[in-house]
Amino acid sequence: MRQRAPLLLISSGLALAVIALPVLAGLAGTVLPAFGYLPALGGRTLSLEPFHDLLATPGLNDSIRLSLVTGLAAALISLGLAGAFTAAAAGTPVFERMRRLLAPLLAIPHAAAAFAFAFLIVPSGLILRFLSPWATGLQRPPDVLIVGDPAGLSLIAGLVLKETPFLILLILAALPQMPVARSRQLAASLGYGRMTGFVFLQWQPLYRQIRLGVLAVIAFSSSVIDVALILGPNLPAPLSVRLAQWMVDPDLSLRFTASAGAILQLAVTLAAILLWVGLERVGATILGVMRERGLRLARDRIPRAVAIGLPVATASFLIAGFLALFLWCCAGFWPFPDTLPQDWTLRSWRTAWPRLGGPLATTLIAAFASAFIGMVLVVLRLATRPVGRPASVLSQGVMWLPLLLPQVGFLFGLQFLAIRTGTDGSYAALILSHLIFVLPYLMITMQDAWAAFDPRYERVATALGASRLRAFFRVRLPMMMNALLAAFAIGFAVSVGQYLSTVLIGAGRLPTLTTEAVALAAGDNRRTIAVYALLQTLPPLILFAIAAILPALLWRNRRAMAA
Amino acid sequence: MDNGARQGAKADASLDLRAVRIALNGQALLQLEHTVAPGEILTVMGPSGSGKSSLLAYIGGFLDPAFTARGEVWLGGRKIDGRPASDRHCGLLFQDALLFPHMNVGQNLAFALPSAVRGRQTRQEEVRRVLRQIGLPDIEKRDPATLSGGQKARVALARTLLSRPDAMLLDEPFSSLDADLRTAMRDLTFGAIRQAGIPAILVTHDKVDAEAARGPVVTIGEPGIA
């Protein structure tokens with residue numbers, strides 16, 4: 001096994017290459033135009049002019065501040081909620097039930113979740129309708145700016161709604177490797193409350209395990225585009241949103257400015273991460289001081305209830321938002337402050353239907369293809385890696401790269417490359433660009449399940465005379481069917497949710513439900529938005545349902561597999 | 001019966017460990033030079049962490065690359081170290097039965113049948129025959145998860161025997177069974193090995209296992225802190 005055959009080496013490296021090559025090429029393709037070099041658009045010499053143009057843009061400081069604050073605040077609040085929840089609930093049945101509740105939330109595309117949230121909180125949204133007029137006395141929607149507020153509060157809230165479940169799921173995956181029960185008993189015997197005991201004894205090792213995920217939340221939130229287009233402020237918008245607008249502007253010279261801006265976005269995200277590292281230090285110090293003082297908080301019933309209640313509330317909020325989407329998609333006349341529409345109609349569906357087919361097909365093709373190819377690549381990689389060795393730092397780094405970099409940083413350059421090679425607007429390029437993001441999630445989901453598989457089964461199979469290939473296909477793969485299905489559903493959902501890559505690499509010729517839905521954000525047609533947001537959520541949700549139900553059907557006579 | 005021919009066949013079918021030495025991080029775990037005769041059961045004893053399981057892994061072809069191993073393993077006159085595990089014909093039994101949970105009992109057994117046994121009818125008959133042999137004639141369609149611990153152990157043994165191994169490697173196969181079952185399983189397993197006339201290596205820390213094996217006993221590793 002020491003000398004590995006070239007074929008094995010290639011198949012194990014393929015997944016990493018499919019991530020690393022486009023990202024690195026994309027970065028290079030962004031840096032060059034940022035310094036004025038893009039022969040296709042007449043830029044043949046290196047200059048700082050794009051940066052001069054960029055810095056001369058009005059409101060740039062506000063945009064930078066918005067991106068920075070959004071990234072940090074969304075991460076801080078999400079981690080706070082997820083951490084407090086874990087401290088309060090770890091080792092209780094609530095925790096297991098939470099996993100079942102949260103997993104489907106992961107399937108919801110960011111854009112759809114943002115719309116659902118917006119439909120709740122806008123002045124004429126479901127919340128105020130429920131409270132009016134009996135509690136608020138309002139007969140007309142109040143004239144306040146809630147969605148798109150200049151401080152970006154609703155944007156942060158919308159991101160928290162989606163990132164808290166993500167972090168809780170990361171924690172759920174990391175927790176089984178920790179001695180939760182024993183350390184809780186130990187802490188309790190020393191008089192510590194449940195939450196303080198957890199925070200003092202377990203939080204730091206746990207945080208180390210999910211740290212990359214938290215940094216990914218910062219990178220995502222500080223450079224998000226689709227959610228910001230729906231919930232974020234407009235004048236000025238967060239940095240990434242303005243960059244994306246320049247990038248698709250008919251004025252081609254703006255692409256230089258956009259590229260320079262992408263470099264700035266990289267710097268802003270890096271700054272957010274560095275600030276976060278500073279916050280980590282502060283947090284660790286505070287924790288140290290509290291621990292040294294012997295703070296026990298033995299009676300923590302109320303904080304515990306709050307800590308469990310808040311994430312449950314955010315999840316319920318999201319579900320309520322989808323209820324609002326359902327109401328709007330079939331609503332006839334629905335004046336404020338009526339809680340329910342006065343009549344029901346399928347008109348919105350009928351009007352939208354003729355234009356839905358293309359985007360729906362593109363969405364499904366891209367999602368199935370990228371999830372399937374990604375699955376094959378990840379399985380190839382895991383199957384040809386030496387057994388029992390932890391993944392190398394390099395491969396971990398490559399895997400997390402697309403999640404830790406702002407997307408504009410490399411997707412701009414990738415678009416230039418796609419145009420240059422004439423592949424923009426082709427399915428192949430679109431699927432490849434989705435793979436960049438699908439692969440890391442597949443890898444993260446699969447590698448734990450892969451490592452958890454008892455290697456003795458394959459040994460028994462080969463000892464019985466089966467070739468390695470037969471042992472793999474007849475024993476390992478079927479035994480891992482449930483994990484494969486779950487990972488496939490996640491990869492599928494990631495592809496469906498892709499916004500920027502679809503806009504740029506699809507070059508407007510391959511619209512998906514996501515890009516169409518986000519494009520509607522600028523308008524005010526709630527019924528159409530509801531149709532698109534629901535339809536966008538449906539395919540990933542169906543796949544999650546299949547991944548959850550199929551094992552029980554498939555293995556109804558195999559007790560050990562159905563569990 | 002022609003005694004000379006038997007003798008010759010026996011010598012040929014033995015499991016021959018020649019200057020086998022297994023090390024972990026440069027530290028020698030065990031050294032062994034031994035010939036296991038057909039039908040004989042060599043017991044290897046030693047404290048946990050002494051590397052006795054790595055000996056079986058080396059012979060079977062599953063040694064973790066973290067270990068370094070030297071020496072030759074000959075089985076039935078063939079040098080098998082360096083060959084793929086599927087070509088070594090060493091049956092493995094672990095503490096757990098490790099029946100494939102996604103197959104029924106019959107499928108588990110059929111998986112072990114060599115492809116040389118041809119024809120659906122013949123293969124099915126072979127599976128039924130072995131099930132009768134272990135005293136569980138009616139469980140062909142059963143889900144392995146619904147079997148008792150003793151039944152699982154018996155099916156695992158039957159599965160290994162069906163693959164017609166040239167040697168058996170037993171990694172503490174009885175330690176998860178309770179006392180009554182352990183004796184029965186021991187008798188069944190050892191009896192099958194003797195009947196098949198193949199060499200076997202038993203790794204255990206149970207002295208009773210070693211006595212029942214009635215073969216040579218090798219103790220490896222330093223007693224250490226004990």
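Note on naming: letters A, B, ... go to the chains in the order of the sequence lines (proteins, then strands), and numbering restarts at 1 for each one. Not measured: the values here are computed from a predicted model. Note that these values count all heavy atoms, side chains included, but never hydrogens, waters or copies made by symmetry.
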Checklist outcome for this item: Per-residue tally against chain B (heavy atom, under 4.5 Å) across A:R456, A:E458, A:M481 peaks at A:R456
Checklist entry - Got a sec: does the NE2 of B:H34 have more than 12 other heavy atoms crowding it under 6.0 Å? => result yes
Item to check | Contact class of B:L162 relative to chain A, heavy atoms under 4.5 angstrom | outcome: neither
Checklist outcome for this item: Scanning both residues in full, the closest heavy-atom pair of A:R558 with B:D143 reads CA-OD2, 3.0 Å
Next on the checklist: Is it true that, when you exclude B:R70 itself, more than 12 heavy atoms of the residues, nucleotides or ligands shown sit nearer than 6.0 Å to its CZ?
Outcome noted: no
Checklist entry - Under 6.0 Å from the six-membered ring centre of B:F111 and within 45° of its axis: does the NZ or CZ of A:R470 meet both? => result yes
Item to check | chain A contact via B:R164 - which portion, at a heavy-atom distance below 4.5 Å | outcome: neither
Checklist entry - Of the backbone (N, CA, C, O) and the side chain (C-beta and beyond), which part of B:F62 lies under 4.5 Å from a heavy atom of chain A, both, or neither? => result both
Next on the checklist: Can you confirm whether more than 12 heavy atoms, excluding those of A:F453, are under 6.0 Å from its CZ atom?
Outcome noted: yes
Next on the checklist: What I'd like to find out is whether the side chain of B:F100 reaches to under 4.5 Å of the side chain of A:P478, using heavy atoms alone.
Outcome noted: no
Checklist entry - Taking all atoms of both residues into account, what is the closest heavy-atom pair of A:A560 and B:A145, and its distance? => result N-CB, 3.7 Å
Item to check | Interface residue of largest heavy-atom contact number with chain A, from B:G91, B:A156, B:P114, B:C90, under 4.5 Å | outcome: B:C90
Next on the checklist: Show the nearest heavy-atom pair for residues A:L464 and B:S163, with the distance to one decimal.
Outcome noted: O-CB, 3.6 Å
Checklist entry - Heavy-atom distance under 4.5 Å to chain A: side chain of B:N104, backbone, both or neither? => result both
Checklist entry - Is there a side-chain contact between A:R468 and B:P84 (heavy atoms, below 4.5 Å)? => result no
Item to check | A:T462/B:R88 under side chain to side chain contact (heavy atoms under 4.5 Å, CB included): CA gap, chis, key distance, verdict | outcome: CA-CA 9 Å; A:T462 39; B:R88 297 191 183 196; over 6 Å; no
Item to check | Flag side-chain contact, heavy atom, 4.5 Å: A:R459 against B:L98 | outcome: no
Checklist entry - Any sub-3.5 Å donor-acceptor pair from B:H102's side-chain atoms to A:R474's backbone N or O? => result yes
